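Computed from heavy atoms alone, side chains included, the values below leave out hydrogens, waters and symmetry copies. All values reported here derive from a predicted model rather than from experimental measurement.
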Amino acid sequence: MFSPGLKRSKLSSQKERNVGANLRAPDSPSTPLTENNKPAHQASIPDRPSTGTPAPWAPRLSVLARIPPANKNEKGDGVDPIKPVFVGEFPQVVHDEQTSFLQRRVPADVCISGGMDKGTCLSWIIYGNKIFIWSYLSSTAPKKCVTLELPSDVLGNADLGRTSYIRNNWLLSVVNWDSTSKVSNRAAKHCYSAGIVLCNQKTRAVLYWSDIFADVGAASVTICSSSDELLVTSSRIDSNATPNRHATNFTGSSSFNSLIASAIPGTQNACVALACCSSGELWQFYCSPNGIQVNKVHQNIQSLSSQGAGVGQLVGSKGYPRSMIWRLPYFSVSDSNRQFFLLTDHEIQCFNIKLFPDLEVSKLWSQEIVGNDGDLGIKKDLAGQKRIWPLDLQVDDHGKVITVLVATFCKDRVSSSSYTQYSLLTMQYMSEVNIFSDLHERVLEKKAPIQVIIPKARVEDEDFLFSMRLRVGGKPAGSTIILSGEGTATVSHYHRNSTRLYQFDLPHDAGKVLDASVLPATDDGEDGAWVVLTEKAGIWAIPEKAVVLGGVEPPERSLSRKGSSNEGSAQEERRNLMFANNIAPRRASSDAWDAGGRQATGLTGITRRTAQDEESEALLGQFFHEFLITGKVDGSLGKLKSSGAFERGGETNVFVRTSKSIVDTLAKHWTTTRGAEIVAMGIISTQLMDKQQKHNKFLQFLALSKCHEELCSGQRHSLQIILEHGEKLSAIIQLRELQNIINQNRSTGVGSTHSSFENQVSGALWDLIQLVGERARRNTVLLMDRDNAEVFYSKVSDLEQVFYCLERHLEYIISMEQPVGFQIHKACELSNSCVTIFRAAMDYKNENHLWYPPPEGLTPWYCQPVVRNGLWSIASFMLQLLKETSEIDMSAKSELYSHLEALAEVLLEASSGAINAKVERGEEHKGLLNEYWSRRDAILDSLYQQVKGFVEAGYQDLTDNTGENKEEILKNLSSSLLSIAKRHEGYQTMWNICCDLNDSGLLKNLMHESMGPRCGFSYFVFKQLYGKKQYSKLLRLGEEFQEELSIFLNHYQDLLWLHEVFLHRFSAASETLHVVALSQDEGSISITEEEIDSDHPNPVPTLTDRRRLLNLSKIAAFAGKDADSQIKAKRIEADLKILRLQEEIMEVLPLDDTNQHVEKKLLRPEELIELCLESGSKELALQVFDVFAWTSSSFRKSHRNLLEECWKKAADQDPWSELYQASVSEGWSDEETLQQLSRTILFKASNRCYGPKAETIDDGFGEVLPLRQENVEVAGLKDTRSSVEAILMQHRDFPYAGKLMLTALMLGCVQGDDVKLEESLSPMV
């Protein structure tokens, strides 16, 4: 891995520092020249070193990973958790070129250039004068590989001699034409149109291919070489023509250090490339199919460096500026500006390039990272510190966090020994900093303290340091990878408060590591695992688990590939392996490590497994193995209980893990890299059947050993998962059969086997299989060397991923740019696949229902949100096709309809199952109900509209009887849809069908059959009839649906009384009529549809309408003959009197707009009383007591204050002071006094409320407001002022006319036919 500071000769050290200039020293570990000169058939396979990463021809690591845990012995047979995983081989053309390359007897120290582009997932490698470009996502040898030829004169020597190889240091940048915005479909991240900008670091020759994937002819090549001229343009040439350039090779000593390129929005295959030179220059290249325009852009910037290293110089140090990178890897088409970072020897600079309309580079800011302030970055001039080299710079996908690789040359003051320290500086943008304003001194701040990678490493020469490159973004989160010029890749990961290093190192005969990248993530967020491109051994991935478990503490050794003197590394790695034995994948699987999940620290996606878990799982495997051989299960249950096999639940249960290992096992004879042709073999179906047979055996073992009974009683969820494995396996088998049928249909009429194969690996189902398999491979790095289809048919337990890909990546399978016919065909194929999966699972469940635990509260896998959303994704797409594709023929539309109908049934069954499970668990399910209702109504309504369209168009292919009328055709075509609607309470569709068929018998049958919540379909029918004002039809249905209509009419009481009269419930009808008559709801009285058509006035009940209802209520009360019918009639009569009072009062009030409005509505008693008091009328002042009299006793008690106000108002109606003066001056007699007082309102009010003939409802006025003060204590009222006498005592005339006022009260309360004045006045005297 790492090498120590070995003492070497001066000559050897100097030779090694001249990279690409001299041969290696004899002790160099690089491949000897003699080995390279061997013929291709005598390659180093027999004599390969036993150390290092196995080459592709070795047994697949992932094959070993798929061995079930129960079969692994204690000797360590199985997966090495710290080894990398082979991903894919080179394309065949690359292998052929490698062979030819070795046969040319090239020098051993030639420089092979290669790289990986993260944005397009393209990898490239240069052998001699050829560039090979292919996608590194393919698990097998890619068939699509672009080969580009470099003109011989660009290499500097036409005979491809030694000099040209030594100078074969190339920088390449890929320009993606497919999209200039961030790719949303990350599972289908393939590049179909791209340009290439290539430049030689030494000669500075620049080449441009506008579209390497162009179908017509060879890609155009545009060539130029940098020179001192400010503008150099070359013409477009053919691949076989001699390049026409304005300048030849550059003869200076400076070289390009970094190259970036970007598409220019609004142009056709034009891009801009930027290159920084070790002499401090910044070059700009405008590349188009017509040529390259070169511009030295530093002259447009007044001051590029705070050091002032000379005009036109970025920095003054040799080898700088070091690297450039775009701030954001993706940009929008609408953006006309793009920012990039540039790393110098002491600072980070940020530039902006204006892409449109003119290319213009301007500096935004710069910040020192190597200086006197340690808070800003790295503090220089510390004790023992000699020199600092910022080596490379990378930025995260969000453009906010910048990571810098730094090397520091130090000298130990004690031992006087020199060493190099490697570290990572992480910077981030400061909050609330506007970079577009004036230049800031500080834009960045440290995100974290400097992370030291190696504290004391061997001193390397500057050429070695400058060959180091940095990559960020892979897993584990926050890890980085450092690439050295000698071909090593070292992953640095900050784990558990310390830095740990993992070095990917190949055996010396397998070549170097050329570049590293990351696998694109299938979900939004983090990227995938690290992946590296090797010189001779293909592409390898570094699993997250390998980095965490295989990492070691930073040693005192170099990042180069020379030997190591640190003897503690082996022990450290063995300790890590011991730790790995206690770690199990989060999702129990027999095949591979699943790196899913995200955690800030530690190993993501794993759970701690105890020794007890290991013991119980091994014991279960042993018992099951014995059962398969002997068929005996003696004593299994007791021993498994003792081992704790029943303690864990869910997917961590050992029985579930064993079941999962059975259905997910990848058979040994599937371990081939032949590619997609494996799907054409019957072996897949055979192996799936073998899995199903073994899983059935496992269920038999559970039953015979009584483990099934134990799981059913204590671990229902675990048993459910085990049986769901059987469902998924059955579904996969049926899906495979469906694929065979599709392949046979496509190959019908095709003569050749090759054409048959090409047909079967195309289509929607095949694309879906590829997507699911690709997602599984990316999430499980150990499966990267397997074919997508092989992974799909192996990872049976992850069948839900089919629906995940349908939800997230449907636009990749079915492109909107395709013809409508193709879209319909693909949509139907996907729909049929989903229905096949669902029905196969349901058939398995029905056939094995006795195995299942009680289902209460358990959610089946096909009811999970990911499945429902995937089904809805394809269903909504098909709905859109039905709405927008009116131009398609009826046969295609009929096919689309039939598939959507079947899919709708599956989708609605899944949603209803999820709702039932939530209800049984007592969880909130309102949101799920709304989702279910909205999707149900959308699908059923659209399907019925299509049925009506078929009928209207006279489309009768689906019926055999062509002589049927439209109603009969509609009935036949809608029968299956009606069945779905009935099962899922699609009442609107059921109602529409019945109405269009005009079939009342069908309507009544459906009402009887669909008795769901709130009376089911009958309630919906009642609501529809009521909304259409068809009250006669509604009430006639009540003859057959009596109780249902009663429940419905509880909310519509204006019709309820009619139904109650029909049911002879007269007392109930009386109460309903009473409530309706006094209702404040303006729409309480319904009008029929005919009345609406005849311009019936606004349905506001008048006082006459209310009087009629009260009279009907009175009649119904008597007809009911209840014991309290007389009381009810008296109450109704009182309300009638209040109603008449309102009419009389309204006649007295003056006519204005307000009173006209009030006259039409029923006033509450308190409103009526207040209206009388406000009017000032003497007559109305007396009638308020009639209103109080005909209300209830509770009303009088609750409105006692209002009653007191009425008495005050009554006292104010007569001139008591004048009456008193007249009585004194005229000397009234008793008869005259009685005569005068009997005309007063007080007298009349007293007679009305307290007189012998006073009529009230319930208790009298005396219970609320006694007439005399002395009766207060008798009445038990606490308020001493609560009497009519007390109220009058507050009157302004009471001091001198109080006797007359009290006399009027007393005369009124005792007034009869022969009452005498003396008798009435005696109590007051």
Side-chain angles (χ1 to χ4, degrees), residues 1-2 48-66 76 78-90 114 116 123 136-140 471 473-476 479-484 486-493 495 500-520 527-552 559 561 569-570 573 576-577 580 583 585 591-595 603-605 671 673 777-786:
M1 289 177 64
F2 303 96
R48 291 184 68 253
S50 59
T51 60
T53 305
W57 48 79
R60 293 288 184 265
L61 183 63
S62 56
V63 174
L64 300 178
R66 296 183 182 95
V79 182
D80 189 339
I82 65 170
K83 286 186 177 180
V85 179
F86 179 73
V87 172
E89 298 178 1
F90 287 136
M116 311 178 79
S123 52
Y136 61 75
L137 294 181
S138 177
S139 61
T140 57
R471 300 289 183 266
K475 287 185 177 180
S479 63
T480 61
I481 193 167
I482 300 99
L483 304 169
S484 72
E486 292 187 335
T488 61
T490 304
V491 181
S492 172
H493 173 47
H495 177 58
R500 304 180 71 86
L501 302 179
Y502 175 90
Q503 183 155 10
F504 177 92
D505 195 9
L506 292 172
H508 302 312
D509 65 337
K512 304 176 181 179
V513 173
L514 299 179
D515 201 356
S517 184
V518 294
L519 294 173
D527 287 307
W530 290 109
V531 59
V532 297
L533 171 67
T534 66
E535 186 178 11
K536 300 178 182 179
I539 297 175
W540 294 74
I542 304 175
E544 179 184 14
K545 188 177 183 180
V547 176
V548 176
L549 301 182
V552 298
L559 290 169
R561 63 187 301 160
S569 60
E573 292 175 8
N576 289 330
L577 287 174
I583 303 295
D591 53 1
W593 160 253
D594 188 346
L603 189 60
T604 61
T671 56
T673 57
R777 288 174 60 242
R778 294 190 195 176
N779 282 340
T780 308
V781 180
L782 292 178
L783 294 175
M784 284 303 297
D785 61 337
R786 302 271 64 87

Shortest non-hydrogen contact between [X] and [Y], atoms and distance:
{"X": "Lys475", "Y": "Val547", "value": "O-CG2, 4.4 Å"}
{"X": "His493", "Y": "Pro476", "value": "CE1-CB, 3.5 Å"}
{"X": "Ile542", "Y": "Tyr502", "value": "CG2-CE2, 3.6 Å"}
{"X": "Ser123", "Y": "Tyr136", "value": "OG-CB, 3.8 Å"}
{"X": "Gly528", "Y": "Val518", "value": "O-CB, 4.1 Å"}
{"X": "Asp515", "Y": "Gly114", "value": "CB-O, 4.1 Å"}

Any side-chain heavy-atom pair of [X] and [Y] under 4.5 Å:
{"X": "Ser517", "Y": "Arg471", "value": "no"}
{"X": "Val491", "Y": "Trp530", "value": "yes"}
{"X": "Leu483", "Y": "Leu514", "value": "no"}
{"X": "Arg778", "Y": "Leu137", "value": "yes"}

Interatomic spacing from CD1 in Ile482 to CG in Leu501 - rounded to 0.5 Å = 7.0 Å
Pairwise distance NZ(Lys512) to CG(Leu533) - rounded to 0.5 angstrom | 13.5 Å
Hey, what's the ring geometry for Phe86 with Trp540, parallel, tilted or perpendicular (30° and 60° as the breaks)?
-> perpendicular
Any donor-acceptor pair under 3.5 Å from Ser479 side chain to Gly474 backbone = yes
